[in-house]
Number of protein chains: 2
Amino acid sequence: MPDENGAHDSQLLKGVLSMALLRLLAECESYGYELVGRLHELGLKQIHEGSVYPALSRLEREGSVTARLVSSNSGPARKYYRPSPAGYASLAECEVAWTTLVRALEPILSRPVPRRPQEART
Amino acid sequence: MPDENGAHDSQLLKGVLSMALLRLLAECESYGYELVGRLHELGLKQIHEGSVYPALSRLEREGSVTARLVSSNSGPARKYYRPSPAGYASLAECEVAWTTLVRALEPILSRPVPRRPQEART
DNA sequence: GAAGGTACCTGACATAGCAAGGTACTGTGC
DNA sequence: GCACAGTACCTTGCTATGTCAGGTACCTTC
């Protein structure tokens, strides 16, 4: 089946991408091109370079990550990012917000959808 | 502590609101003003009318919900919404996308954040 | 020297939540 | 009769951020 939910996901992804990137960078210093691959492996196939590079730039501008250029022998120089202390703090906050959201949605999503919605009480 | 994550949440919420609304409506026919209250009870306190009404209009325009006006004796008429068959389908798709996203993020978020990020291998 | 993989970046566009404000109906109290 | 508070709706800008499409450039291999 084709990814018709791709369009939907694009909205769900908002705000999640930064968190995911920050989290991956906390795990292991990395660069944009590789991060795209790592996200794809996680199953987030619909994330493209055009989302990741701007997101990384934002994180750097915000001071959440620091970058260093490392020349490569398999192409142009790679820009390796790693979280700053502020980035770790931001990540922690973001994870709290995410967990809170997931927990808030759980009670309604876990219940099976009723066959017919109940009529409103007047 | 104040809700400093409110700003962050605004991004995390993208796409989640429609799903939550659709899900609540599947549970029980309702109207905007009440839905805001229900979302607040769920812990989604940062959702305001200015988000809910446009979201409901979008859902109606998309054909995901149908609406009917019911006069009230405690104020102006209420606009009750309930999901259409297309809305149920959309909800199902959306829940899949959501679950997929949550599951994709789990493996990286559940691991404890390393004290120091590992140096990249060259 | 052309091709293809690696690696970066950007600009125009669409989406959707937020903030702020406006309208209007109802019952209550004065 | 009138102001008020609560209920209930809606809209206009603003902003953030993902997508799409495209561009640049390095390096190795053929």
Side-chain angles (χ1 to χ4, degrees), chain A residues 3-22 30-40 44-62 64 67-81 94 97 101 120, chain B residues 3-22 30-40 44-62 64 67-81 94 97 101 120:
Chain A
D3 49 15
E4 298 186 45
N5 49 356
H8 239 129
D9 275 359
S10 81
Q11 290 305 322
L12 289 180
L13 267 184
K14 302 258 168 154
V16 171
L17 179 55
S18 318
M19 177 178 63
L21 288 174
L22 220 36
S30 187
Y31 54 98
Y33 194 80
E34 192 193 48
L35 286 165
V36 173
R38 285 218 259 163
L39 290 168
H40 284 192
L44 305 170
K45 302 262 172 65
Q46 72 281 22
I47 297 178
H48 303 291
E49 298 185 1
S51 310
V52 171
Y53 287 116
L56 287 170
S57 298
R58 270 198 310 274
L59 289 171
E60 189 180 11
R61 201 182 330 122
E62 289 171 7
S64 295
R68 62 180 181 123
L69 274 174
V70 177
S71 61
S72 158
N73 55 356
S74 68
R78 299 167 177 171
K79 200 164 174 185
Y80 278 91
Y81 294 92
C94 204
L101 180 62
Chain B
D3 49 16
E4 297 187 45
N5 49 358
H8 236 129
D9 274 0
S10 81
Q11 290 307 319
L12 288 181
L13 268 185
K14 302 264 166 149
V16 171
L17 179 56
S18 319
M19 177 177 64
L21 289 174
L22 220 37
S30 187
Y31 54 98
Y33 194 80
E34 193 192 49
L35 287 165
V36 172
R38 285 218 259 164
L39 290 168
H40 284 192
L44 304 170
K45 302 261 174 63
Q46 72 282 21
I47 297 179
H48 303 292
E49 297 186 1
S51 309
V52 171
Y53 286 115
L56 287 171
S57 299
R58 269 198 309 274
L59 289 171
E60 190 180 10
R61 202 183 328 122
E62 289 171 9
S64 295
R68 61 182 183 124
L69 274 174
V70 177
S71 61
S72 158
N73 55 356
S74 68
R78 299 167 176 171
K79 201 165 174 184
Y80 279 91
Y81 294 92
C94 205
L101 180 62

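Predicted, not measured: the structure shown is a model, and the values here were computed from it. In what follows, every chain begins at residue 1, and chains take the letters A, B, ... in the order their sequences are listed.
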Do any N or O atoms of the protein come closer than 3.5 Å to N or O atoms of nucleotides 10-14 of chain D, and which pairs are they?
unit_1  : atom_1 : unit_2   : atom_2 : d
dC10(D) : OP1    : Lys79(B) : NZ     : 3.0

N/O to N/O distances under 3.5 Å, protein versus nucleotides 13-15 of chain C:
unit_1  : atom_1 : unit_2   : atom_2 : d
dT15(C) : O3'    : Gln11(A) : NE2    : 3.3

Name the pairs: protein N/O against N/O of nucleotides 2-6 of chain C, kept only if under 3.5 Å.
unit_1 : atom_1 : unit_2   : atom_2 : d
dT6(C) : OP2    : Tyr33(A) : OH     : 3.4

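Of all heavy-atom pairs between Leu35(A) and Ser30(A), the closest is CG-OG, 3.8 Å. Counting all heavy atoms, side chain and backbone alike, Cys94(B) lies closest to Gly15(B) at SG-O, 4.4 Å. Across all their heavy atoms, Val52(B) and Gly32(B) have their closest contact at CG1-O, 4.1 Å. Pairing each heavy atom of Ser64(B) with each of Leu22(B), the nearest pair is O-CD1, 4.1 Å. Across Tyr33(B) and Tyr53(B), no two heavy atoms sit closer than the pair N-OH, 3.4 Å. A pairwise comparison of heavy atoms in Leu39(B) and Ala20(B) identifies CD2-CB, 4.1 Å as the closest pair.
A search for side-chain contact (heavy atoms from CB on, under 4.5 Å) contacts involving Ser74(A) returns Ser72(A), Arg78(A), not counting sequence neighbours. Remark: Glu49(B) engages no residue in a side chain to side chain donor-acceptor pair (under 3.5 Å) (not counting sequence neighbours). Remark: Glu60(B) pairs with Val65(B), Ala67(B), Lys79(B), Tyr81(B) by the side-chain contact (heavy atoms from CB on, under 4.5 Å) rule, at least two apart or across chains.
The separation between Leu44(B) atom CG and dA16(C) atom C1' is 16 Å, rounded to whole Å. Taking atom NZ of Lys45(A) as the reference point, atom C1' of dG18(D) lies 19 Å away to the nearest angstrom. Atoms CG (Leu22(B)) and P (dA16(C)) sit 13 Å apart, rounded to a whole Å. The separation between Gln46(A) atom CD and dT17(D) atom P is 17 Å, rounded to whole Å. The CD atom of Glu62(A) sits 11 Å away from the C1' atom of dA16(D) (whole-angstrom rounding). The CE-C1' distance, from Met19(B) to dG17(C), rounds to 15 Å in whole Å. Separating the CG atom of Leu69(A) from the P atom of dA25(D) is a distance of 16 Å, rounded to the nearest angstrom. Residue Leu13(B) contributes atom CG, which lies 15 Å from atom C1' of dT15(D) at whole-angstrom precision.
Between the side chain of Ser51(B) and the backbone N or O of Ile47(B), no donor-acceptor pair lies under 3.5 Å.
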| request: Just do the side chain to side chain contact (heavy atoms under 4.5 Å, CB included) check on Leu44(B) and Leu17(B) with the steps written out, would you? | output: CA-CA 10 Å; Leu44(B) 304 170; Leu17(B) 179 56; over 6 Å; no
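The phosphate of dG17(C) has neither OP1 nor OP2 within less than 4.0 Å of any side-chain N or O from His48(B).
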